Peer 1: 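Let me begin by handing over the structure; questions about it come next.
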Amino acid sequence: MSSNQVLISQDEQAYMSLMRGLKELDLQGSYVPSDLVLIGDHAFPLAMNSQGQVLMAASLYGSGRIVVLGHEGYLTAFPALVENAVIWLRGDGSDNLCVGVHRNVCAVADNLQKSSFQVEVVGAFSDKLGVGVYVTDAYSVGSDPTDLVAFLKAGGGVLIAGQAWGWAADHPKENTLHQFDGNKVSGVAGIYFTERCGELENLPVYPQIPSSWMSVVLGKDFEDDLQFLLQGVSEFQVPCNLTASEVLVHGPLAFPIATTGDGRAFLAGGYYGQGRVIVATHEGFLGLESMAPFWQNAIHWLDEGRRGVVGVMVDPALNILSKSGLKCEKTDFRKDLSVFVCTAYISEHLEEIKNFVAEGGGLLIGGHAWWWAYTHAGQNPLTEFSGNKILNQMGLSLLGATIGGGSYKALVPSQAIKDSYHFRHLLYRFAAHVTAGEELSQHEERCLKRLGNDCNVYLQMEAHDSSHYRQVLATLTDVLKRSGLPQVSDSCPINSPKDHLLLAVGTQVYKVCPDPDALLPYLIKDNPMMPVVYNHRIKFDVNTADWEEWISTGLYLSPGMKTYIAIPPQIVNMDWKIQIGCQTDSLHHSEELKRPPSVHERFPVSSEMIQVWNLWGGLIYLVAPPKTQVKGLEVIVQMAVPAPYYKSGVTTAAEWSLLRTAPSPWAELEFENIILAIPSDAVRDLERPDELAALWDEIMRAIADLAAKPHKFPRKERFVTDVQISHGWMHAGYPIMAQKVSAAELVGVKKGKEMWGPIHELGHNQQRGCWEFPPHTTECTCNLWSVYVHEEVLGLHRAQAHGNMTAENRQCRAMNYVAECRKLESWDMWVALETYMQLQDRFGWDAFKKVFAAYHHMSDFPGDNKGKMNLYAETFSQTVGMDLTGFFKAWGWPIETATEQKLSQLPSWNDHPMTQYD
């Protein structure tokens with residue numbers, strides 16, 4: 001059983017204890033309850049009406065427990081519930097039978113005295129009572145219930161009941177969340193009485209914690225908060241040298257304060273317990289003079305009129321915040337502060353800081369998570385970044401996504417929710433659209449794709465112990481069951497925001513929902529059973545260089561199919577991973593989708609037996625970390641579908657004749673220096689993979705020859721052909737991604753047949769920054785390999801290999817470049833390639849090989865294009881024994897006098913091709 005399941009069962013167990021023996025709760029009487037708002041990880045509903053309003057709830061705080069009823073009349077209307085509550089509140093294993101009951105609800109005492117409890121009616125709570133449970137209405141806790149909160153935190157049980165709508169009507173200018181007496185106790189544990197009246201119904205008692213998409217709502221409109229915070233602020237000037245994170249605002253009492261034009265938040269705030277929080281998504285914001293008016297508002301909003309001490313850990317913020325009129329001092333965290341200011345990188349006192357805010361403190365926290373995410377690849381910033389360990393429960397999460405500098409208009413408080421983007425509000429509206437057929441506004445439609453990406457990120461928290469997380473997950477699960485998942489394909493692409501959202505969240509919901517097998521038929525409509533092999537053994541040796549490497553298994557998992565993999569102990573917890581799926585391109589930013597935006601999964605190798613799966617299925621790989629050497633290891637895959645998999649020197653002709661018909665829709669051909677992952681249809685008729693291997697081996701050796709490298713690549717190149725890739729027709733990387741139709745080109749390569757595109761991408765993977773001059777040569781020097789391989793291996797002259805390489809086109813480009821005054825900004829791609837082709841025409845390919853070889857022995861390269869171009873001119877000149885500076889200057893290169901002087905002893909290349917244009 002996973003830890004998540006354990007946490008869920010603890011909540012469910014508490015719910016079952018509280019509702020034991022109850023079949024229904026008839027709330028149709030004269031008692032009009034408050035709608036309760038729940039926040040944090042520990043609060044969960046006990047009674048929820050058909051409108052999604054929570055009328056009874058329970059939570060934990062510190063070592064204690066609390067039950068909150070939405071009307072004090074419920075204390076006598078439901079004696080069995082009250083008795084269950086007192087038993088649960090007493091705590092597991094406690095033998096303290098003493099219950100204190102406030103005299104204003106003394107009728108409870110009569111009911112409890114019939115049980116085994118020792119009941120004492122009191123006028124007020126005191127820590128000297130010695131009780132295990134205290135029962136009160138929400139109006140009798142007093143204006144300073146510090147002792148009662150301390151009792152709860154130390155392990156006591158509190159049963160509190162009441163409604164706040166009457167109080168709110170009498171106090172229209174007061175903040176109900178913080179000023180209503182009952183909330184000064186229950187709010188600390190994440191349950192608030194609100195001014196909203198609950199609808200009266202006869203509610204069945206459900207076997208599990210009640211859930212409804214209608215409960216995914218905001219707990220406040222925040223207009224008054226924004227008016228206070230944005231007074232005198234018309235815009236936010238974010239310096240261009242500050243790269244901030246985006247913050248996901250997901251809690252019912254959290255709200256965006258400042259956003260980009262497209263609604264991404266970089267300042268946000270929220271209520272947590274009896275305190276408040278503001279997050280700035282770069283610590284540099286805290287010291288910005290241009291934001292001083294906002295920070296003065298913010299610090300007073302966090303202080304809530306206490307005029308207490310503001311403790312500041314961030315030096316640049318001290319000067320700005322001191323102008324607020326409040327006492328500010330440099331200090332680490334202290335419990336006696338009114339407001340604490342720190343960075344999101346703080347790693348100490350995390351639990352104490354959360355409790356500080358819950359019990360009424362203000363927190364201003366600044367920092368970004370994008371650098372942490374970049375430097376902690378494979379780790380989850382939502383759960384492992386230290387700042388988020390504080391912020392997540394407060395309904396705010398710093399993301400790896402970035403926000404650049406610029407001028408951003410301040411929100412209009414009265415329109416903030418309607419016109420801006422809020423995760424919970426739009427999720428509620430989308431669920432209403434799918435479930436109840438409600439129409440979405442154009443603004444809401446435009447935001448759906450963003451909502452899908454945010455849901456995807458939010459679900460990665462896997463906070464199954466949080467009622468809110470479970471509520472969002474249940475809502476999305478229900479939406480997917482009602483709407484189904486778009487069955488996207490090459491012949492049936494999708495481009496609507498709704499379909500984008502569904503495809504974005506489908507994968508993640510399937511990964512984290514409690515019963516993925518029950519959800520699978522709603523997600524994958526056509527999922528035929530395929531024959532499998534059992535306990536398949538894969539032996540492997542690994543010697544990786546500076547990069548990770550995928551190790552093919554020749555096996556495939558069907559969509560939703562689960563299998564166990566037995567792992568040798570030598571590689572457990574050594575940064576190895578299991579990957580399902582070869583298509584690693586993300587399509588989240590694509591307008592039209594021909595496949596889901598993300599279709600591969602990775603699992604860390606953290607034990608000797610790992611269960612793996614992928615909603616979309618895929619080939620199975622072991623992913624070896626950089627700088628790893630192992631020999632003679634073996635993994636055993638319990639059950640998987642065999643794939644058409646050919647490996648040079650291993651797979652025999654007889655084996656291939658059977659394997660090429662294997663049922664997997666994906667195939668792999670692994671040769672000496674390259675691996676092709678392609679649809680199986682492309683290899684069904686491939687009878688002689690050994691002949692194809694021989695040609696690819698020749699191609700790859702030629703690529704190594706031109707690069708002046710050993711024939712054996714330190715890591716085999718990989719091609720993956722997919723129905724849709726992130727950009728272009730093909731793009732370089734590991735793997736090189738190509739459109740699906742390119743599979744026939746890769747498998748059908750022959751001498752005398754043009755194959756410019758794939759070699760172009762392989763050339764990209766040979767480029768080195770020390771002799772690259774971006775952006776000019778980015779799409780240029782990779783074509784050196786295209787020309788070389790076509791002429792030296794495939795037997796095609798460059799003019800036959802690509803139409804742009806005819807003599808006429810080459811000459812025309814050079815003439816036009818000269819006519820346009822040899823401006824370097826025009827020297828790119830084909831124009832730039834002509835420079836290198838003229839060098840090749842005169843000095844041959846050997847010169848290039850020697851130049852590349854020379855670079856292998858250099859270090860301390862210039863960082864700018866000018867310096868690198870001079871080094872290249874010098875290196876090529878020294879290699880061929882001729883001063884080429886005149887040639888490069890004729891191409892507009894910024895050749896320095898120092899370079900000319902270095903080469904002045906060499907004979908000049910006076911008859912170079914560019915002289916004809918002088």
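Because the structure is predicted, anything quoted here is derived from the model rather than measured.
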Peer 1: Do H711 and D705 have side-chain N/O donor and acceptor atoms under 3.5 Å apart?
Peer 2: yes

Peer 1: Do the numbers put R715 on top of the ring of Y734, so that NZ or CZ is under 6.0 Å from the six-membered ring centre and no more than 45° off the axis?
Peer 2: yes

Peer 1: In terms of heavy-atom contacts, does NZ of K409 have more than 12 from other residues, nucleotides or ligands at under 6.0 Å?
Peer 2: no

Peer 1: Under the side-chain contact (heavy atoms from CB on, under 4.5 Å) test against V851, which residue among T879, D846, L839 passes?
Peer 2: T879

Peer 1: Given 3.5 Å as the limit, does a donor-acceptor pair link the side chain of S742 with the main chain of E745, or not?
Peer 2: no

Peer 1: Would you find more than 12 non-hydrogen atoms of other residues, nucleotides or ligands less than 6.0 Å from Y374 atom OH?
Peer 2: no

Peer 1: More than 12 heavy atoms of other residues, nucleotides or ligands under 6.0 Å from NZ of K866: yes or no?
Peer 2: no

Peer 1: Establish, from distance only, whether the side-chain atoms of H776 and E825 form a donor-acceptor pair under 3.5 Å.
Peer 2: no

Peer 1: Might you confirm whether atom NZ of K889 has over 12 heavy atoms from other residues, nucleotides or ligands at distances under 6.0 Å?
Peer 2: no

Peer 1: So does E591 pair up with K449, basic N to acidic O under 4.0 Å?
Peer 2: yes

Peer 1: Only one of V831, T835, L833 clears side-chain contact (heavy atoms from CB on, under 4.5 Å) with C780; which?
Peer 2: L833

Peer 1: Between R718 and S552, do the side chains contain an N or O donor and an N or O acceptor separated by less than 3.5 Å?
Peer 2: yes

Peer 1: Looking only at atom types and distance, does a side-chain atom of E384 sit under 3.5 Å from a main-chain N or O of N380, one as donor and one as acceptor?
Peer 2: yes

Peer 1: Parallel, tilted or perpendicular: which one describes the rings of W827 and W893, with boundaries at 30° and 60°?
Peer 2: perpendicular

Peer 1: Do the side chain of E791 and the main chain of R798 share a donor and acceptor less than 3.5 angstrom apart?
Peer 2: yes

Peer 1: Using distance alone, with no hydrogens and no angle criterion, decide if T544 and E549 have a side-chain donor and acceptor under 3.5 Å apart.
Peer 2: no

Peer 1: Within a radius of less than 6.0 Å around NZ of K868, do more than 12 heavy atoms belonging to other residues, nucleotides or ligands occur?
Peer 2: yes

Peer 1: Give a yes or no on whether M815 atom CE has more than 12 heavy-atom contacts from other residues, nucleotides or ligands under 6.0 Å away.
Peer 2: no

Peer 1: Will you find, in the side chains of H731 and D585, an N or O donor that is under 3.5 Å from an N or O acceptor?
Peer 2: yes

Peer 1: After noting the C-alpha distance and the side-chain angles of Y408 and F266, does the key distance pass the ring-ring contact (aromatic ring centres under 6.0 Å, His included) rule?
Peer 2: CA-CA 10 Å; Y408 302 110; F266 57 90; 5.3 Å; yes

Peer 1: Please check if the side chain of E698 supplies one atom and the backbone of A693 the other of a donor-acceptor pair under 3.5 Å.
Peer 2: no

Peer 1: Counting only heavy atoms not in K902, do more than 12 fall under 6.0 Å of its NZ?
Peer 2: no

